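Shown next, in structure tokens, is the structure this report addresses.
Bear in mind the structure is a predicted one, so any value in this text is a computation, not a measurement. So you know, we letter chains A, B, ... as the sequences are listed, proteins then strands, and number each from 1.
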Amino acid sequence: MTNATKKTKRRHDDPDAVLGVTRTRAAQRLGARLRRPLFAWWDVHARALPWRDARTSPWGVLVCEIMSQQTQMSRVVPYWNAWMERWPDAAALADAPRADVLAAWGRLGYPRRALRLQECARVVAAECRDELPRDYDALVALPGVGDYTASAVLSFAYGERIAVIDTNIRRVLSRAFLGEESLGGATGAVERALANAVLPRDAAASATWNQAVMELGALVCTAKQPACADCPLRGGCLFLAAGLPHLGERRTRPRQRFAGTDRQVRGIIMQALRDLPEDAHGVLRHEDASRLWKDTAQLDRCIASLDDDGLVEIVSGHDVRLPA
DNA sequence: CTCCGGTGTG
DNA sequence: CACACAGGAG
């Protein structure tokens, strides 16, 4: 899916139109006031993650962001280091066998991300002269790149002034500036407008702001147990002032259990394929696959869905292997 | 809104 | 055991 209609362009970004002039100005004033303590905190507490090295290419930043989708940074670090050494740019990744790409993805989870990353690499290599676009619409049109990832690349790799909105930033901004929890679900117009209202006007400062707010959400302003005593925003945080109302509340109803789901079964199959012995020549025979899961109907359904997703290939009718 | 992995943490 | 985690696509 590469057509431009799959993702909507950013709209409703004008804070005045969504929040009203008064609330917008109040948020801007508070944001300006909190910037200094936040940046001071960032200077001291920012984690020394490898992709924060100034020499990291925009492609390297993109790889990091894709790997980090729904995955903790600490788990990403070793994968990113090995990945960038093996495939330093889009052109290198584009030429790799899909089976190698999926195997290298290892236990990061959501292996479709690996597939999309390679599709993305092929587009960038073939259509963009191996150079990642510096344009929101072009980025968001790439496979596996949504609003968050496009914004993160523009802000962190290119230094453009754009509001980055992820789960951490939503939580921190909603708490500090609105005094309430960010409820689950899609990002609302209010949250988007708020992010734009408090984003520093200066481009360089805006990139630091995005990173610092995100880092604060990861290390201090966490979902369940925020360390308000250690927070650089405590002097102005509306959520703290209100007594942390409804701390940890979510609108989304509890997720389906993992045990017994297709996700677990698919994961087991992918793991078996990654860990196949050498003498298997990359092929998992159906007889061996059926020992991975008791419910044969579910197993076969999952193999079929993995095949549909391009994550496996079915050979000789019912054996399975990673795609070439 | 649902599906899509795997792991650290309380 | 429950739950959150630098989301994206159908």
Side-chain angles (χ1 to χ4, degrees), chain A residues 1-8 46-47 49 51-52 61-80 102 105-117 119-120 139-157 163-173 181-187 195 207 210-219 221-226 247-274 301-302 305-306 308-311:
Chain A
M1 186 74 54
T2 57
N3 63 40
T5 61
K6 67 170 180 175
K7 294 151 188 163
T8 43
R47 292 170 289 184
L49 299 166
W51 45 84
R52 285 178 178 167
V61 172
L62 176 76
V63 172
C64 152
E65 298 304 338
I66 301 281
M67 286 183 170
S68 300
Q69 291 167 6
Q70 295 293 283
T71 305
Q72 293 86 339
M73 313 292 301
S74 55
R75 291 179 50 212
V76 169
V77 171
Y79 285 97
W80 186 84
L102 288 169
W105 196 256
R107 307 184 71 86
L108 275 175
Y110 294 132
R112 290 192 295 192
R113 291 183 295 166
L115 239 40
R116 300 227 171 89
L117 179 56
E119 293 170 21
C120 176
L139 284 168
V140 86
L142 293 169
V145 178
D147 174 71
Y148 163 75
T149 304
S151 304
V153 166
L154 288 175
S155 179
F156 305 153
V164 175
I165 302 178
D166 78 319
T167 181
N168 281 319
I169 291 188
R170 287 176 65 187
R171 181 174 60 251
V172 173
L173 296 185
E181 286 287 31
S182 168
L183 301 179
T187 303
N210 284 326
Q211 296 219 62
V213 174
M214 210 176 300
E215 191 83 338
L216 190 70
L219 300 180
C221 192
T222 55
K224 298 172 110 175
Q225 293 187 341
L247 176 63
E249 179 178 301
R250 308 265 119 196
R251 177 185 302 153
T252 51
R253 66 182 152 87
R255 284 250 190 224
Q256 184 186 32
R257 267 192 173 39
F258 179 65
T261 60
D262 285 2
R263 284 162 72 169
Q264 182 186 18
V265 179
R266 287 165 56 106
I268 289 171
I269 296 166
M270 293 301 292
Q271 181 180 1
L273 287 170
R274 285 194 307 266
R301 174 162 39 103
C302 287
S305 74
L306 287 169
D308 287 342
D309 291 343
L311 288 165

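Distance check on atom C1': B:dC4 versus C:dC5 gives 14 Å, rounded to whole Å. On the C1' atoms, C:dC3 is 15 Å away from B:dG5, given to the nearest whole Å. Between C:dA6 and B:dG10, the distance separating the two P atoms is 15 Å to the nearest Å.
Not one side-chain nitrogen or oxygen of A:Thr167 sits closer than 4.0 Å to the OP1 or OP2 atom of C:dA6. OP1 and OP2 of C:dG7 both lie 4.0 Å or more from every side-chain N or O belonging to A:Arg113. The side chain of A:Ser68 places no N or O atom within less than 4.0 Å of a non-bridging phosphate oxygen (OP1 or OP2) of C:dC5.
Taking atom CD of A:Gln70 as the reference point, atom C1' of C:dC5 lies 6 Å away to the nearest angstrom. Distance A:Tyr110 OH to B:dC4 C1': 5 Å, rounded to the nearest Å. Regarding A:Arg171, its CZ atom lies at a distance of 11 Å from the C1' atom of C:dA6, rounded to whole Å. Between A:Met67 atom CE and B:dG6 atom P there is a gap of 15 Å when expressed in whole angstrom units. The distance from atom CZ of A:Arg107 to atom C1' of C:dC5 is 17 Å, rounded to the nearest whole Å. When the P atom of C:dG7 is taken as reference, atom CD1 of A:Ile66 falls 11 Å away, rounded to whole Å. For the pair A:Arg266 CZ and B:dC4 P, the computed distance is 6 Å after rounding to whole Å. Here B:dT9 presents its C1' atom at 15 Å from CG of A:Leu219, a figure rounded to the nearest Å.
Applying the side chain to side chain contact (heavy atoms under 4.5 Å, CB included) criterion to A:Gln264, with sequence neighbours excluded, gives A:Phe258, A:Ala259, A:Thr261, A:Ile268, A:Trp293.
Considering only heavy atoms from C-beta on, A:Leu173 stays 4.5 Å or farther from A:Ile165 through its side chain. Side chains of A:Ile66 and A:Thr149 form a contact here, defined as non-hydrogen atoms less than 4.5 Å apart. Within the 4.5 Å cutoff, side-chain heavy atoms of A:Arg263 are placed close to those of A:Tyr110.
Between A:Ala150 and A:Ala223, the residue whose closest nucleotide on DNA chain C is further toward the 5' end is A:Ala223. Looking at which nucleotide of DNA chain B each of A:Gln225 and A:Gly267 is closest to, the 5′-most match is held by A:Gly267. When the nearest nucleotides of DNA chain B are assigned to A:Ala186 and A:Asp262 by heavy-atom distance, the more 5′-ward of the two goes with A:Ala186.
Using N1 to N3 plus N6-O4 or O6-N4 for Watson-Crick, or N1-O2 and O6-N3 for G-U wobble, each under 3.5 Å, C:dG10 pairs with B:dC1.
You won't find any donor-acceptor pair under 3.5 Å spanning the side chain of A:Thr71 and the base of C:dG7, going by distance alone.
Atom CZ of residue A:Arg116 and atom CD of residue A:Gln69 lie 9.5 Å apart, to the nearest 0.5 angstrom. Of the inter-residue distances, the one linking A:Met214 atom CE with A:Met73 atom CE reads 9.0 Å to the nearest 0.5 angstrom.
Among the atoms of the strands shown, none is found under 4.0 Å from any heavy atom of A:Ala152. Residue contacts for A:Trp51: at a heavy-atom cut-off of 4.0 Å it reaches a base atom on one of the strands shown. Across all strands shown, A:Thr222 has no heavy atoms under 4.0 Å from either base or sugar-phosphate atoms. Among the protein residues, A:Ser74 comes within range of no part of the nucleic acid, since none of its heavy atoms lies under 4.0 Å from any strand. A:Ile169 comes within 4.0 angstrom of no nucleic acid atom, judged by non-hydrogen atoms across all strands. Across all strands, A:Arg75 comes closer than 4.0 Å to base atoms (heavy-atom distances).
Checked by atom type, the side-chain pair A:Glu65/A:Tyr148 shows a donor-acceptor distance below 3.5 Å.
For C:dA4, the O4'-C1' to base torsion is more than 90° from 0; the nucleotide is therefore anti.
Side-chain proximity of A:Arg263 to the nucleotides C:dG8, B:dC4, C:dA6 is greatest for B:dC4.
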